[in-house]
Amino acid sequence: MENKYNPQKIEKKWQEYWEKNKTFETPKKVSIYNKFYILPQLPYPSGSGLHVGHAEVYTACDIFARYQRMKEKKVLQVIGWDSFGLPAENYAIKTNIHPRISTDKAIDNFRSQIKSLGISVDWDREVGAHNSNYYKWTEWFFLLMYKRGLAYRKKQAVNWCEGCKTVLANEQVVEGKCERCETEVVQKEMEQWYLKITDYADKLLQGLDNLDWPEETKKRQKDWIGRSEGAEVDFKISGSTEKITVFTTRPDTLFGVTFMVLAPESKILQNLRKKIENWQEVEKYIEKTKLKTELDRQIEKEKTGVEIKGIKAINPVNNEEIPIFTADYVLAGYGTGAIMAVPAHDERDFDFAKKFDLKIKQVIAPFRVSESDPPKKGKKWTHRQAVECHVYDKKTDKYLFLKYVNVNWNAVVTGGIEENETLEEAGKREILEESGYKNVKFIRQIGASKRVNFYHPVKDDNRKLIFTPLLFELINEEREKIVEEELKIHQPLWLSLEEGKKFVNVDNVVDSLKDLEKNNYCFAGDGVLINSDFLNDLDIKEAQEKIIEFLEEKGLGKRKIQYKLRDWSVSRQRFWGAPIPMLINEELKTKKYNYLFIHGFSSTGLGNFRKWLKQELENRGHNVTTFDLPNTDKPNVIEQTNYILNNFNCDENTIIVAHSLGGPVTYRLLEKINKKVAKVVLVDPVVFPEFVDRERSAVDTSDSFKFDFELVKNKCDDFVILGEKNPSVIFRKDLEYLRNVLDARIVITNPTTEHFCAFEEPSILEECLLLGIKPIPEKDLPVILPDDVDFKPTGQSPLNYSKSFNEGIEKKYGNGWKREPDTLDTFMCSSWYYYRYLDPHNDKEFASSEMLKKWMPVDFYLGGPEHVNGHLLYARFFTKVLFDAGYIDFDEPFKVNRHQGLILGPDSRKMSKRWGNVINPTDVVNEYGADTLRVYEMFMGPLEADKPWDTNGVKGVKRFLEKVWNLQEKISKKFSSEETDKIIHKTLKKVGEDLEKMQFNTAIAKMMELSNFLQKQEKISEKNFELFILMLSPLAPHLTEELWQKLGHKNTLSFENWPLFDPTKIIENKILIAIQINGKVRTNIEINSDANESEIEKKALADENVKKWIEGKEIKKIIYIKDKLLSIVV
RNA sequence: GCCCAGGUGGUGGAACUGGUAGACACGCAGGACUUAAAAUCCUGUGAUAGUAAUAUCGUGCGGGUUCGAUUCCCGCCUUGGGCACCA
């Protein structure tokens, strides 16, 4: 047959047509109303080629893009390459082929494979992360972070993979192993670059609320950020000025603290070294911990640790002396690396206490004891309410009644055993008095009748009362009804172990009572405070509020929010990545400097933090000069500057530390000196003239307050500005201004008191000591990744050994300066690629503000769920930084985000060479055609679901497309059929709705139904066939373009309007109504669609089948659901 | 251990807001065409009973609410995923 469906031929034809005519070039004229940015996730161009999973992502995005074009949207769709990374480098090590060569080859292969799918992207905008015109901007982003105080270098324990010889981010460690090579990850102390993503923890958390993302994804990010509210509490160390600060989410249990634990890596341990009597033993333990891998620490269930002898901690609330331990169950990286241990209410502390035989002090009672009714539903139990409840005994399947009888003769409580009364009798009597049940049968005593740790809130009476739990059976005939009624009004026993359950299992009650008593278990549920002085009788929430108030008032601690999120380690000791555009000078790091402190308004040379800072710097061998400047209460900038000029010589060894009004003095000073200074640390500096306008009266305004910042800038290469997170005096926008004119780095910190007036502020010391690091000037970007490199991993960065990379650096940037040899994590490249797509050829900016305004944010993003806590978080972080830096006016990059599911092999296992179940999409294209692959992949199931490949399913789809192709023989211009119209328009309606929601599988099913119907028809009108082609075109573009052309159209159908269904054509005049009798469908009746309820009722009741079912019965009720069913209740 | 999402024919999956469960596809069975096979087309296809009309059962299990539950509530089982000594 000549006119046979030949996908290979027509697909090639149309792909060439689209390319030649630039059909999918990005539209230039767009508005925020009609722009539509569709983003398929950035692929890593692996050497093994395209995977069916890639095809799924591109097809889904492409269908959506084509659909949106037909809805008259202006679509931006681009594909690029995440082309830096380890696999290419590992391949290079094995084969000695340069990664650039293998990567470019892999990209060419990928590109042609993607093109063969008929994806409608603008190929002129393709980008590759490994190209210098791309990574120039990756480097630029790093500098942006650095200048905003968000990139820092720090020596600390990092995840090290011996297999890859590199550092890994937390996100790249899976179950203690490297995600790539599955080598066990070890901890290693290394100096690394970090991005301060933790500064954005709160913004990243809050931003989630307004995103149209899968709920689960949002939740996972939330969990990963891990915000927890609590308090920081200071514990003094007896006979020492040192203190241990801990973070706790349960400050309410402070009275139950019986020991403290420090992480082995904790610095406090080193600081206290001299006082520790058993240092050798402690040190041995620390060393032992270092050797353990993450995995070991996780697997080991048994608690280990060492008591630190010679020092004790003092519990701030009751001044009790408690022992201090070091143990590896406390993590150095979370909170302060130290904990207060409450063994009675924390399982880990409990295990530790058991092992080391430590005191366990209960401060929370699981339920309250009292004498009246249980609380009404929705109300909490109070201490006035009796402990008695209905319980359900699973074993005997009986509803029982649990009653606690007070057997403490002397206790000041109601009830209790009266003289000559047995326990049983007392119980019965109390039940009668309190609950009104007359017929109760004693079953047995459950639990010990000894001391139960219940608290009774009689004034100032901390006695423990003795209760005996007794079990009764209600033998009233209406027992169960009573129980049910009770449960309707009252909530079940407030026993946290069984919270939320209607009935309490008797056995659990018994066990919990016994165990609590013997302290064999630790109680971590809800309850009421006991043994806690002024917190007694409060519930947990109330107690938390009260204790935090108390701590803050007494200066013993403060409210604190802690995050699980850690800073992002971005440096890699590998070759195939973007170079870090920084310079390092080892000499400057260890050099001794002359520090000059310049104080602010109404202060003194050693005021505020300066006394402490001087001490710290001198301890490290530096010189510190301080002055009490003249007229500090009405300062005159010129006068103060001259004072300093007369008494101090600034030179290249000088580091100026200026606070507040010391800022302007510093600018004047720098204007006047001839030499450059080493560094200027501006701590919350005043910025003229903005500040003067506000605080005119505070200063002597005879100075002009105009500064030549261009001149000032030239006197130092290393300005840093420290600002407060919540500015109180100097505002952020003032500091931003200063940052710009001085090209300074700005660091926003969170000082303990306002305007950096604390006596100790670690961030200032940190900045004072941070030397020997400077950024490569922006104009020198990109730092080119050299080619003369030996790839062999040595643990040292390969760039160390590149001649061209290190040549001439000292000449260019000064003696002693060297290039940072590490490269950036590839996640940095993929954190901003969606911005580059907007303006890929721009060599002035990462993207022009015009383009950013026009296209962002992304309207639809499709990517794998594996990137939830990596890429998706980083991309949001980058965007928020850009927002704060004023580059963009939105702070979330992806409005809508969805994840595709995994395509499994035909055996329902993950596709892998190991199982031999890999399906190559290109094979499928070659055999069945791209349209078949596209439609099949979408027909398999919902986009988000994991689904197995089925070779026969592919054939079924091919059959469907063939049927559509063959329908052209039935076209008849004059023909018309109302029935066909109806089905076409119904399908149109459904397909439109489904494409909108990306429910491709059901849309395809509906079109299959349509083609099955049309196949049975003699003829089809041309109009109806066109409608069918148009609605199928986003899914099978090649086939439909060909058919469209055969119908005589000259242009591509890509921009045809999406056909709207005609509502008048889908009206049914006869409808089928289901007739239910007692909820079961017995028959269907056909009625006119305009029939009213009584007509239907009449017709239904006349039906033979219905008659049969209702015969001799009384009709109680008839329910009619419009156009659907009629339910008759008899 | 904690958290989340699922569990529907032989299979992948459909089912609007509580309203005829199993659309569509695969597979299977029977038939047509063919010397034959493939391809294609037609018919049937949840289980049980029955020639059939039809009836009963049926959405992981056990209960509940309702005229009516895959859908809502309670309890349990199970699969997959995430986090994991996070104080």
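So you know, we letter chains A, B, ... as the sequences are listed, proteins then strands, and number each from 1.
At B:rA55, one or more side-chain N or O atoms of A:Trp1109 fall inside 4.0 Å of OP1 or OP2 (strictly under the cut-off).
Note: A:Tyr5 and A:Trp965 have tilted aromatic rings, judged against thresholds of 30 and 60 degrees for the angle between ring planes.
Look at the C1' atom in both B:rG13 and B:rC26: the space between them is 10 Å, to the nearest Å. Separation of the P atoms belonging to B:rU8 and B:rU59 is 11 Å when rounded to the nearest angstrom. A gap of 11 Å separates the P atoms of B:rC42 and B:rA25, to the nearest Å. Taking atom C1' on both nucleotides, B:rG58 is separated from B:rU48 by 11 Å, rounded to a whole Å. On the C1' atoms, B:rU56 is 43 Å away from B:rC3, given to the nearest whole Å.
Counting any heavy atom pair closer than 4.0 Å across all strands shown, A:Gly956 reaches sugar-phosphate atoms only and no base atom.
Because its glycosidic torsion is more than 90° from 0, B:rG13 is reported here as anti.
Within 3.5 Å, a donor on the side chain of A:Gln1076 pairs with an acceptor on the base of B:rG19, or the reverse.
Because its NZ or CZ atom is both nearer than 6.0 Å to the ring centre of A:Tyr329 and within 45° of the ring axis, A:Lys303 counts as a cation-pi partner of that residue.
Judged by distance alone, the side chains of A:Thr289 and A:Asp328 never bring a donor and an acceptor atom under 3.5 Å apart.
Comparing A:Asp950 and A:Val1129 by the nucleotide of RNA chain B whose heavy atom lies nearest to each, the residue mapping closer to the 5' end is A:Asp950.
A salt bridge is defined here as a Lys NZ or Arg NE, NH1 or NH2 lying under 4.0 Å from an Asp or Glu carboxylate O, and A:Glu347 with A:Lys354 fails to meet this definition.
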